[in-house]
Amino acid sequence: MEYDRIDARILEIVQKNNRLTSETIGELTGLSATACQRRLKRLRSEGIIEADVSIVSAKAVGRAIQMLVLVTLERERSDIVDRFKKAIKSSAEVVNGFFVTGDADFVLYITARSMEDYEQFTRRFFYENPEIKGFKTMVIMDRVKAGFAIPIEPPSED
């Protein structure tokens, strides 16, 4: 996956606002709308742009309880890891999941309507899974920053 300086500028722009038209992005990058559309299509097809999303307030949609959960598996066998990754992907409560190094095997960002809902989730998702050794929950008191923007480094011109 390669990109040039113009692609880098497009990536910076769409990370801040993915609802801009190709015409507007083109004006900001010095491209025609058609050239901009071609580049966006290529960036998406090559997986450089993974998704176009809106960041929704969990509180605004009734999911006021937010947690970060550190999960430790019983063993780090590939089949166990793969099964847990699949469980993460199929759970609506798990907003983000990361397979990590360190003391825990996974870090999950989870939302719930209430602590009672979260308790029910833990029973279903963690306690009923014999491959989970343990988990630690950290309740989020305040979301200070939310986003998916990655710093974009323009490629060096060799």
Side-chain angles (χ1 to χ4, degrees), residues 1-5 7-20 25 37-156:
M1 290 186 261
E2 291 187 19
Y3 63 94
D4 62 19
R5 288 187 165 290
D7 291 335
R9 180 70 179 122
I10 290 171
L11 293 170
E12 287 176 341
I13 292 165
V14 298
Q15 283 191 115
K16 291 178 185 153
N17 183 352
N18 71 350
R19 296 184 64 184
L20 295 175
I25 297 168
Q37 287 172 344
R38 274 196 305 270
R39 283 176 178 262
L40 283 166
K41 183 177 180 180
R42 182 181 51 78
L43 291 167
R44 288 182 177 107
S45 69
E46 291 180 2
I48 294 172
I49 295 176
E50 292 182 15
D52 294 293
V53 299
S54 296
I55 298 172
V56 175
S57 165
K59 289 178 185 177
V61 295
R63 302 195 66 83
I65 308 294
Q66 301 170 71
M67 288 85 38
L68 291 176
V69 182
L70 307 176
V71 181
T72 305
L73 299 178
E74 203 56 62
R75 288 191 202 97
E76 280 196 51
R77 283 193 347 230
S78 62
D79 61 323
I80 293 172
V81 169
D82 290 344
R83 274 194 297 276
F84 193 65
K85 285 179 179 181
K86 187 175 180 181
I88 289 170
K89 290 176 183 176
S90 66
S91 171
E93 292 88 350
V94 179
V95 178
N96 286 302
F98 304 94
F99 183 38
V100 298
T101 62
D103 293 337
D105 298 312
F106 287 86
V107 176
L108 309 179
Y109 167 55
I110 297 173
T111 65
R113 287 186 293 278
S114 65
M115 285 308 287
E116 292 80 18
D117 280 351
Y118 179 61
E119 180 186 1
Q120 291 303 313
F121 171 80
T122 61
R123 289 173 186 268
R124 195 174 64 251
F125 197 78
F126 298 122
Y127 292 127
E128 292 178 6
N129 185 339
E131 295 172 340
I132 293 178
K133 183 177 184 178
F135 67 98
K136 292 181 183 178
T137 301
M138 296 177 287
V139 176
I140 296 172
M141 295 172 37
D142 183 25
R143 181 174 78 180
V144 178
K145 181 179 180 180
F148 293 101
I150 306 292
I152 306 295
E153 298 293 325
S156 61

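Bear in mind that the values here come from a model prediction, so they are computed numbers and not experimental data.
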Indicate yes or no: does D82 engage K86 in a salt bridge with an N to O separation below 4.0 Å. no
Hits for salt bridge (Lys or Arg N to Asp or Glu O under 4.0 Å) against E74, two or more places apart or cross-chain, chain-then-number order -> none
So do V14 and L43 actually touch side chain to side chain, heavy atoms under 4.5 Å? no
Of all pairs that satisfy side-chain hydrogen bond (donor to acceptor under 3.5 Å, both in side chains), the ones with a partner from residues 99-109, not counting sequence neighbours: Q66-Y109
Between the CZ atom in R124 and the CG atom in N129, the distance rounded to the nearest 0.5 Å is 12.5 Å
Test of understanding: with ring-ring contact (aromatic ring centres under 6.0 Å, His included), list the residues that count as partners of F84, not counting sequence neighbours. F106, F125
Just grab all the ring pair (Phe, Tyr, Trp, His ring centres under 6.0 Å) pairs involving residues 49-82, residues at least two apart or on different chains. none
Could you report the tightest heavy-atom contact between A104 and L70, atom names first, then the distance? CB-CB, 3.8 Å
With rounding to the nearest 0.5 Å, note down the distance linking CD in E93 to CE in M67. 9.0 Å
Hey, what do you get for CZ (R42) to CD (E2), rounding to the nearest 0.5 Å? 9.5 Å
Who pairs with R123 by salt bridge (Lys or Arg N to Asp or Glu O under 4.0 Å), at least two apart in sequence or on another chain? E119
In Å and rounded to the nearest 0.5 Å, what is the CZ to CG distance from F99 to L73? 7.5 Å
Test: ring pair (Phe, Tyr, Trp, His ring centres under 6.0 Å). Region: residues 58-78. Which pairs qualify, not counting sequence neighbours? none
How would you list, by chain and number, every residue that makes a side chain to side chain donor-acceptor pair (under 3.5 Å) with N18, sequence neighbours excluded? none
Nearest 0.5 Å, what's the CD1-CG distance between I88 and L108? 5.0 Å
What pairs of donor and acceptor atoms, side-chain ones from residues 132-154 against any protein atom, are under 3.5 angstrom apart with sequence neighbours left out?
residue : atom : partner : partner atom : Å
T137    : OG1  : Y118    : OH           : 2.6

Begin with the C-alpha distance, continue with both residues' side-chain angles, and end with the deciding distance and a verdict on side-chain contact (heavy atoms from CB on, under 4.5 Å) for I10 and Y3. CA-CA 10 Å; I10 290 171; Y3 63 94; over 6 Å; no
The salt bridge (Lys or Arg N to Asp or Glu O under 4.0 Å) partners of R44 (sequence neighbours excluded) come to D52
For R38, all residues meeting salt bridge (Lys or Arg N to Asp or Glu O under 4.0 Å), sequence neighbours excluded: none
Any ring pair (Phe, Tyr, Trp, His ring centres under 6.0 Å) involving residues 51-72? Give me the pairs, sequence neighbours left out, ordered by first then second residue. none
Run D4 and R39 through side-chain contact (heavy atoms from CB on, under 4.5 Å) and show every step you take. CA-CA 10 Å; D4 62 19; R39 283 176 178 262; 2.9 Å; yes
For R113, all residues meeting side-chain contact (heavy atoms from CB on, under 4.5 Å), sequence neighbours excluded: R63, D117
Find the distance between NZ (K85) and NZ (K89) and round it off to the nearest 0.5 Å. 7.0 Å
Can you find a pair of side-chain heavy atoms, one from F121 and one from V69, that are under 4.5 Å apart? no
